[in-house]
S.K.: 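Following this message is one structure expressed as structure tokens.
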Amino acid sequence: MKRVLITGANRGLGLELTRQALERGDLVFATCRRPESATDLHALTGHYPDRLTVVALDVTDEASIRAAHAAVESATASLDLLINNAGVYPGAGPEDPENQRLGQFTADVALQVLRVNAVGPLLVAQAFLDLLRAGTKPRILSLSSGQGSITWKAAGDPYHYSASKATLNMYMRALAAEIGQYGVLSMLVDPGWVRTGMGGTTAAQDPAVAAKGILRLAEQLHDE
């Protein structure tokens, strides 16, 4: 049984990762900003009351990160896997402003995307490093995107999302270089274009297939 922490677990790929981790027998700490409205997560709690804990976590709020750490630490002395899944893509939902195209930029939207998609995962990894260091073959998997590749970038839109994933790539690459000495591996994962609220209904990848691949990769990772 692995002890797993998943951010952004209330919907999409995060929810599917939570479901599959529970199905294989893991102890899961599933985080989201508003647990009171996470109906799908709470439905899973009914099936796995002893192995699923829903934890409030806003990855952009350092006080929220500290509170989430305290909640997890009260239930377990260690973690084996952290999946940084929480993310935003402005324009993916009706409540999101587009603001990723030339002529529409605002500093507030740009900085918010960077805080959620890049700075947040780094702060979460930093906060939970103590529990990971106490784990068994601990790993940090952070979900990136081909949109964050400077080499592949051939279009303007989306500016903020692409920049945030490129920033995430650098943060997690730097983290990997430092925490390897503690036996903790940090790896970036591109799950592909997944059919979720963010990816849209025309995306090629089924969430169940993507989640299965991510969890399998976590098991197969080694130093090399």
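Numbers for residues simply follow the sequence, beginning at 1. Values below: every heavy atom of this structure, side chains too, minus hydrogens, waters and symmetry copies.
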S.K.: Show the numbers, then the answer: is there a side-chain contact (heavy atoms from CB on, under 4.5 Å) between Leu17 and Leu215?
M.R.: CA-CA 8 Å; Leu17 284 163; Leu215 292 174; 4.0 Å; yes
S.K.: Pairs in or reaching into residues 115-156: which pass ring pair (Phe, Tyr, Trp, His ring centres under 6.0 Å), with residues at least two apart or in two chains?
M.R.: His69-Phe128
S.K.: Using modelled atom types and a 3.5 Å cut-off, is there a donor and acceptor pairing between side-chain atoms of His42 and backbone atoms of Pro35?
M.R.: yes
S.K.: Between Arg139 and Lys137 (side chain of the first, backbone of the second, donor and acceptor by atom type, cut-off under 3.5 Å), is there such a pair?
M.R.: yes
S.K.: Could you tell me whether a side-chain N or O of Lys2 sits under 3.5 Å from a main-chain N or O of Val28, the two making a donor and an acceptor?
M.R.: no
S.K.: If you take all heavy atoms of Ala38 and Asn10, which pair is closest and at what distance?
M.R.: CB-CB, 3.9 Å
S.K.: Could you walk me through whether Asp58 and Arg33 pass the salt bridge (charged side-chain N to carboxylate O under 4.0 Å, His left out) check?
M.R.: CA-CA 5 Å; Asp58 181 342; Arg33 285 183 298 162; 5.5 Å; no
S.K.: Do side-chain atoms of Ser162 reach the backbone of Gln147 as a donor and acceptor pair under 3.5 angstrom?
M.R.: yes
S.K.: With a 3.5 Å distance limit and no angle check, can you tell me whether Asp80 reaches the backbone of Gly135 through a side-chain donor-acceptor pair?
M.R.: no
S.K.: Give the table of side-chain donor-acceptor pairs shorter than 3.5 Å for residues 178-186, with sequence neighbours excluded, one pair per line with atom names and distance.
M.R.:
from, atom 1, to, atom 2, distance (Å)
Gln181, NE2, Glu178, O, 2.9
Ser186, OG, Met172, O, 3.3

S.K.: Take atom CD of Glu62 as the centre, draw a 6.0 Å sphere, and report whether it contains more than 12 heavy atoms from other residues, nucleotides or ligands.
M.R.: no
S.K.: Ignoring hydrogens and angles, tell me if any N or O in the side chain of Thr31 forms a donor-acceptor pair with the backbone of Ile6 under 3.5 Å.
M.R.: yes
S.K.: Check the surroundings of atom NZ in Lys153: do more than 12 heavy atoms from other residues, nucleotides or ligands lie under 6.0 Å from it?
M.R.: yes
S.K.: Just by modelled atom types, is the Val88 backbone N or O under 3.5 Å from a matching donor or acceptor in the Asn117 side chain?
M.R.: yes
S.K.: Can you tell me if Thr7 uses its side chain to pair, donor with acceptor, with the backbone of Ala86 under 3.5 Å?
M.R.: yes
S.K.: For Arg24, which residues count as a salt bridge (charged side-chain N to carboxylate O under 4.0 Å, His left out) partner, sequence neighbours excluded?
M.R.: Asp26, Glu219
S.K.: Is there a donor-acceptor contact under 3.5 Å from the side chain of Thr76 to the main chain of Val72?
M.R.: no
